[in-house]
2 protein chains.
Amino acid sequence: MEWDNATCSIALALDVVGTRSAMLAMREAHLGTRRFDDFVRRIGQGEPAVAARLKELVAAGLLERVPYREPGQRTRHEYQLTTKGRELLPVLTALRQWGDAWQTGPEGPSLLAKHRGCGAGVHTVLRCAAGHDVPDGELELISA
Amino acid sequence: MEWDNATCSIALALDVVGTRSAMLAMREAHLGTRRFDDFVRRIGQGEPAVAARLKELVAAGLLERVPYREPGQRTRHEYQLTTKGRELLPVLTALRQWGDAWQTGPEGPSLLAKHRGCGAGVHTVLRCAAGHDVPDGELELISA
DNA sequence: CGGTATCCTATAAGATACTG
DNA sequence: CAGTATCTTATAGGATACCG
């Protein structure tokens with residue numbers, strides 16, 4: 001069979017988080033951002049762009065628009081991470097790690113990832129199903 | 001300080017690999033694709049789009065355009081992964097893993113990652129600098 | 001506060017043709 | 001084979017205004 005991007009997991013993932021705004025929105029959700037205005041301010045894009053992206057991420061099941069009500073206030077909505085969205089964390093971590101290593105300026109990284117309690121920095125490692133760490137060069141990518 | 005995407009490692013990484021074609025080109029490079037025509041066919045986009053992307057990836061230092069010569073042929077060029085490009089592998093692996101889990105159709109994944117020799121499938125795990133595995137919920141993302 | 005409506009620009013990407 | 005040139009379309013994203 002000729003190679004088909006329609007069945008490639010990477011291409012399929014990019015269908016959902018393949019834009020800058022989508023990935024930054026997911027970063028924000030993982031940082032604890034919940035309200036529309038905060039997404040807008042922190043992503044650094046206009047309301048229309050952010051609104052469109054949040055709508056798509058909700059439709060794709062990475063975020064959920066949940067009503068809530070503070071005492072004495074009217075009902076509002078907040079964007080909460082679903083499990084599907086939460087499991088994007090390795091992608092964000094790998095991107096941050098690569099950006100730290102290769103794209104930061106002299107100021108150093110402005111985004112940190114810590115092991116809660118332990119306090120040490122967190123990075124991704126590759127591991128195989130047999131339990132081995134997979135060092136550079138021992139991973140074979142194959143298109144079936 | 002207000003949050004600044006100009007110093008966020010994720011945003012900086014997306015400056016380079018934030019488009020579909022860039023990420024797919026890097027997937028291809030990791031699959032062993034080296035020649036222009038193969039990138040075009042396998043990415044599934046037109047020559048102009050692929051040419052632009054390869055040029056950017058070379059400029060950003062993820063690929064290198066290397067001359068080579070088969071006996072009796074004229075000199076040609078191939079696109080080779082640099083260390084910077086090779087270290088993007090965790091990002092691709094995390095994307096593939098998430099796509100496998102959440103975005104594949106009934107046919108299952110068409111892209112495999114195996115531990116060379118061992119043969120077992122490969123996935124990413126999060127680990128802290130102290131050596132602990134970091135399970136879901138124990139990672140704290142902080143914007144400094 | 002949490003958006004929508006409109007209009008505009010920039011860029012990603014498709015289509016086709018051509019060249020060394 | 002490895003692109004470039006040209007033209008077109010689709011979409012990401014910016015700017016501004018407005019609304020419940």
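FYI, side chains are in, hydrogens and waters are out, and symmetry mates aren't considered; it's all heavy atoms of this structure.
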- Query: Distance only, no hydrogens: is a donor on one side chain within 3.5 Å (strictly under) of an acceptor on the other, for A:N5 and B:R20?
  - Reply: no
- Item | No-hydrogen, no-angle side-chain donor-acceptor test under 3.5 Å, B:S143 and A:R27 | no
- With axes from five pairs an end, tell me the bend angle of the helix from C:dC1-D:dG20 to C:dG20-D:dC1, nearest 10°. 50°
- Task: Take the protein atom CG of B:D38 and the nucleotide atom C1' of D:dA2, then report the distance between them rounded to whole Å.
- Result: 11 Å
- Measure the shortest side-chain to side-chain distance between A:T7 and B:L111 over non-hydrogen atoms and say whether it is less than 4.5 angstrom. no
- Nearest-Å distance for atom pair CZ/C1', residues B:R41 and D:dG3: 16 Å
- Closest to the 5' end of DNA chain D, once B:A51 and B:D37 are matched to their nearest nucleotides, is B:D37
- Message: Using a 6.0 Å cut-off, check whether atom NZ of A:K84 has over 12 heavy atoms from anything other than its own residue.
- Response: yes
- Item | Check: B:P90 main-chain N/O paired with A:T124 side-chain donor or acceptor under 3.5 Å | no
- Item | Any A:K55 side-chain N or O less than 4.0 Å from OP1/OP2 of C:dG3 | no
- Which letters describe nucleotides 7-12 of chain C, given B = protein heavy atom under 4.0 Å from base, S = only from sugar-phosphate, - = neither? -----S
- Expressed in angstrom and rounded to an integer, what is the separation of A:L14 atom CG from C:dA13 atom P? 10 Å
- Message: Whole angstroms only, please: what is the CD-C1' distance between A:E78 and C:dG3?
- Response: 16 Å
- Query: Are side-chain heavy atoms of B:L126 and A:T93 found at a separation under 4.5 Å?
  - Reply: yes
- Query: Which letters describe nucleotides 15-20 of chain C, given B = protein heavy atom under 4.0 Å from base, S = only from sugar-phosphate, - = neither?
  - Reply: B----B
- Audit row: B:D133, A:R127, salt bridge (charged side-chain N to carboxylate O under 4.0 Å, His left out) steps and yes/no: CA-CA 11 Å; B:D133 278 16; A:R127 183 177 295 161; 2.9 Å; yes
- Tell me: NE2 of B:H77 to P of D:dG3, nearest whole Å? 8 Å
- Below 4.0 angstrom from OP1 or OP2 of D:dC1, is there any side-chain N or O of B:R34? no
- Message: Just so I know, are the side chains of A:Q103 and B:V16 near enough to count as touching, which here means a heavy-atom distance under 4.5 Å?
- Response: yes
- Item | CG-CG distance between B:L88 and A:L95, expressed to the nearest 0.5 angstrom | 7.5 Å
- Task: Answer yes or no: does a side-chain N or O of A:Y79 lie under 4.0 Å from OP1 or OP2 of C:dG3?
- Result: yes
- Interatomic distance where CE belongs to A:M23 and C1' belongs to D:dG13 [whole Å]: 17 Å
- Does B:R86 reach the main-chain N or O of B:L81 with its side chain, forming a donor-acceptor pair under 3.5 Å? yes
- What is the distance from CD1 of A:I43 to C1' of C:dG2, rounded to the nearest Å? 14 Å
- Query: Without hydrogens or angle criteria, can the side chains of A:S21 and A:R53 be said to hold a donor-acceptor pair below 3.5 Å?
  - Reply: yes
- Item | Exercise: do B:W102 and A:E87 side chains pair donor with acceptor under 3.5 Å | yes
- Item | Nearest-Å distance for atom pair CD/C1', residues A:E70 and C:dG2 | 14 Å
